[in-house]
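Okay, so here's the structure we're looking at.
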Amino acid sequence: MMEVCGSGIVNLREFGCEQSLLSRPDGSASFIQGDTSVLAGVYGPAEVKVSKEIYDRATLEVLIQPKVGLPGVKERSQEQSVRETCEASLLLSLHPRSSLTLVLQVLHDDGSLLSCCLNAACMALMDAGLPMSCLFCGVTCAIDTAGQIITDPTATQEKESRALMTFAIDSTEHRVMMSSTKGSFSVHELQQCIAVSQKASEKIFQFYRDSVRRRYSKTL
Amino acid sequence: MKDTPLSNCERDFLLKAIEEKKRLDGRQTYDYRKLKITFGTDYGCCFVDLGKTRVMAQVSCELVAPKENRPNEGIMFFNIELSPMASPAFEQSRQSELSVKLNRQLERCLRNSKCIDTESLCVASGEKVWQIRTDVHVLNHDGNLMDAASIAAITALRHFRRPDVSIQGDEVTVYSPEERDPIPLSIYHMPITVSFSFFQQGTYLLVDPSEQEERVMDGLLIIAMNKHREICSIQSSGGIMLLKEQVMRCSKIASVKVSEITDLIEKALENDKTARKAGGRCGYAESITQERITALKMDETPVEVTDVKETASDIIQKAEPSPHKVPSLVVPVPGVGQVGQGLKNTWGLEEEDDDDEEEEEEEDTNDNGSAEQEEDLTVMEEEPHKTGESREANVVELSDSEEEEVIILHPETPDRTPKNTGSTSHQKGAAKSKKRQKK
């Protein structure tokens, strides 16, 4: 088996976030990881179409808009990953027979797109003030050909990697809510990536906390 | 989701205010909202903020075959995407009346005005031309989408660089940006649309209507003009009758607005160029200001992961061992692969059922050309059909003894079993190959 993670320190690219930047949606946020940026908007709880109505909880719809062209299979699969993560953390049963719409617009893709989508989604849901059982964040890990784990890879690093994994991690117990993987890896590598993502998620949750604290503070 | 309707009170209030030459956001009649142009990290990506209206344009290119009637002209494609993010009334992937109208207007403004030299986009006449695709995404709808979209589209086109190509004989080489500097499009002039909304059957006129004003207006006049004061397109909708003087007055206002906006675009492009030349980072990530209370940035963060290895090994050790070892592939005869010999059948099926299934699966195996069976016996048949045919005589002899072949599930004589199954599949494979030959 290949030696994994020798250095003991991995890096997350610089990240930033802005909330309530759009006037129309009930909640909006843009999240930036390095050059990768995603804009998210949330509408709801609002009236639901009869065909999509669920009698005991809200219907959540997630749409991902690519930068060029129309959404395809890749976007659909990302939508599903994000939707399942959001459904797990949102308290949808508090709004039965209503609809929630989460729209994610890709502004620039420079690797770790799915994790950026997850982070933007969480920030937008927070901005919309929807009740959630926990927060979540996304972390992408890549294993390069030498067996090193890279967190938050750029597009070039993703291309050179042997395996790519994205995890959604909850804020209460740092457990894995969703995983999406590509490429081949051993069980040991998977567990290491999960452990790395859990460590990295702490930093992201700290960032969430800082940004909310700043938002509700009186001074800059 | 439905849009929130405008109440009668709001409508009356707005109209009354307009009669008194007042606007809800404190603007004068001819004032534009604050216009902000920013660029993305890629070439050809542009964000336009017009008050609270926000659009993004992205230009991309692709080599395609030209249209038959225009063999040496590049193709321009425009698409305005009314994303559901912009307004709850917009629906995903449905062509609404508004989106058709906006798309058509943008095409008239930018394609029919011949502002882009399409002949320079030709690579090989009649064979390869560049298709320039402009996607305009509406991110927030607060009125006057047309103006914002046209500014975003033309700015993005100006900002865009296409890869350089060279032709040697019949060979077309496309160079990456590292090899050769990408080339900007040749643009003759920049048409920009200016929208005028009319109230009370054309008595009152407002420039750059907001979303609420658009809801109460009677008619809309859109003029596309360039800075040389040439009208590129003009469209009146809403069914109001305008006097000649009104149209003339609108075109005069438009010429002033267009020259202002053109200057702003040039300035923005110039700023971006110097920023890129300086080598600093540019793009959406840099446009977020730290001054806002809702925004926060964090520098590159190191994450300590020293004990990750131990954690991972702990979890794996504590976890239950995997239920069974995956047996390795055995190749008894060249061209035949076998997995799982000597293991017990965990399916707990009746023998006869098993056999039926086996046969079925064998058929599948043949169809797919590759095999993956969860049965305790797996045969991969990838032998070329020639071998199958050569053994055809054999197969015919065996064909009446199919009942005996059923015993394959008790592989006591491992040497014979794969051969038997192999031949069954040969038989079928041969039959198939025969059919193919007939075809």
Side-chain angles (χ1 to χ4, degrees), chain A residues 4-5 8-25 28 30 32 34-35 37 39-41 43-44 46-48 63 65 67-71 99 101 103 105 107-108 110 127 149 151 187-189 191-192 194-196 199-200 202-203 207 210-211 214-215 217 220, chain B residues 1-2 40-42 45 47 51-54 56 58-60 79 81 83-88 90 92-93 133 135 137 139-142 211 281 283-286 288-316 319 322:
Chain A
V4 176
C5 207
I9 280 186
V10 290
N11 267 313
L12 292 173
R13 287 179 287 177
E14 68 275 20
F15 44 97
C17 159
E18 184 173 359
Q19 283 184 309
S20 351
L21 69 167
L22 302 179
S23 68
R24 291 301 293 269
S28 59
S30 72
I32 295 154
D35 278 333
S37 29
L39 182 64
Y43 284 97
E47 194 185 341
V48 67
L63 301 168
Q65 307 270 352
K67 209 177 179 191
V68 173
L70 297 168
S99 87
T101 315
V103 191
Q105 170 73 54
L107 299 181
H108 190 264
D110 187 26
D127 186 45
I149 295 180
T151 48
V187 182
H188 202 253
E189 284 170 328
Q191 289 296 346
Q192 287 198 351
I194 291 177
V196 167
K199 293 266 181 194
E202 284 168 23
K203 301 279 179 192
F207 173 78
D210 290 346
S211 81
R214 177 183 161 100
R215 197 177 156 186
S217 65
L220 271 179
Chain B
M1 220 155 69
K2 278 181 202 153
T41 322
D42 298 333
C45 179
F47 297 86
K52 282 175 185 164
T53 297
R54 191 182 181 114
M56 177 184 81
Q58 171 69 52
V59 180
S60 51
N79 176 36
E81 196 71 30
S83 152
M85 190 194 286
S87 159
F90 297 160
Q92 165 86 344
S93 66
R133 182 191 171 105
D135 285 280
H137 298 273
L139 305 177
N140 199 38
H141 175 28
D142 191 37
E211 205 251 345
R281 289 192 43 200
Y284 181 76
E286 301 305 300
I288 286 195
T289 46
Q290 278 284 8
E291 290 95 63
R292 291 213 194 119
I293 206 160
T294 49
L296 182 66
K297 256 189 187 171
M298 202 150 122
D299 291 333
E300 202 167 301
T301 343
V303 183
E304 189 101 9
V305 287
T306 35
D307 54 342
V308 163
K309 236 179 182 172
E310 288 75 54
T311 327
S313 334
D314 267 14
I315 291 171
I316 291 166
S322 46

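No experiment lies behind these values; they were computed from the predicted model shown. Lettering follows sequence order; numbering is per chain, from 1.
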Under 4.5 Å to a heavy atom of chain B? For A/Asp210 that would be both
Applying a strict 4.5 Å limit to non-hydrogen atoms, the region of B/Ser87 in contact with chain A is both
Rounded to the nearest 0.5 Å, the CD atom of A/Glu47 sits from the OG atom of A/Ser99 at a distance of 8.5 Å
Under 4.5 Å to a heavy atom of chain B? For A/Leu39 that would be both
One option among A/Lys203, A/Lys67, A/Glu202 has the most heavy-atom pairs under 4.5 Å with chain B, and it is A/Lys67
Here the gap from A/Leu107 atom CG to B/Cys45 atom SG, rounded to the nearest 0.5 Å, amounts to 7.5 Å
Interatomic distance, CD@A/Gln19 vs CG@A/Asp127, rounded to 0.5 Å, equals 4.5 Å
Bottom line for B/Ala319: the part with an atom under 4.5 Å from chain A's heavy atoms is neither
CZ (B/Arg54) and CG (B/Asn140) are apart, to the nearest 0.5 Å, by 8.0 Å
Honestly, the part of A/Gln65 sitting under 4.5 Å from a heavy atom of chain B is side chain
Of the listed A/Ser28, A/Ser20, A/Gly69, the one with the largest count of heavy-atom pairs under 4.5 Å with chain B is A/Gly69
Honestly, the part of B/His137 sitting under 4.5 Å from a heavy atom of chain A is side chain
Here the gap from A/Asp35 atom CG to A/His108 atom NE2, rounded to the nearest 0.5 Å, amounts to 6.0 Å
Honestly, the part of A/Ser23 sitting under 4.5 Å from a heavy atom of chain B is both
Cut-off 4.5 Å, heavy atoms of chain A, and the answer for B/Glu304 is both
Under 4.5 Å to a heavy atom of chain A? For B/Thr53 that would be neither
query: How about B/His141 and A/Arg24: do any of their side-chain heavy atoms sit closer than 4.5 Å?
result: yes
So, the part of B/Met85 with a heavy atom under 4.5 Å from chain A: the answer is both
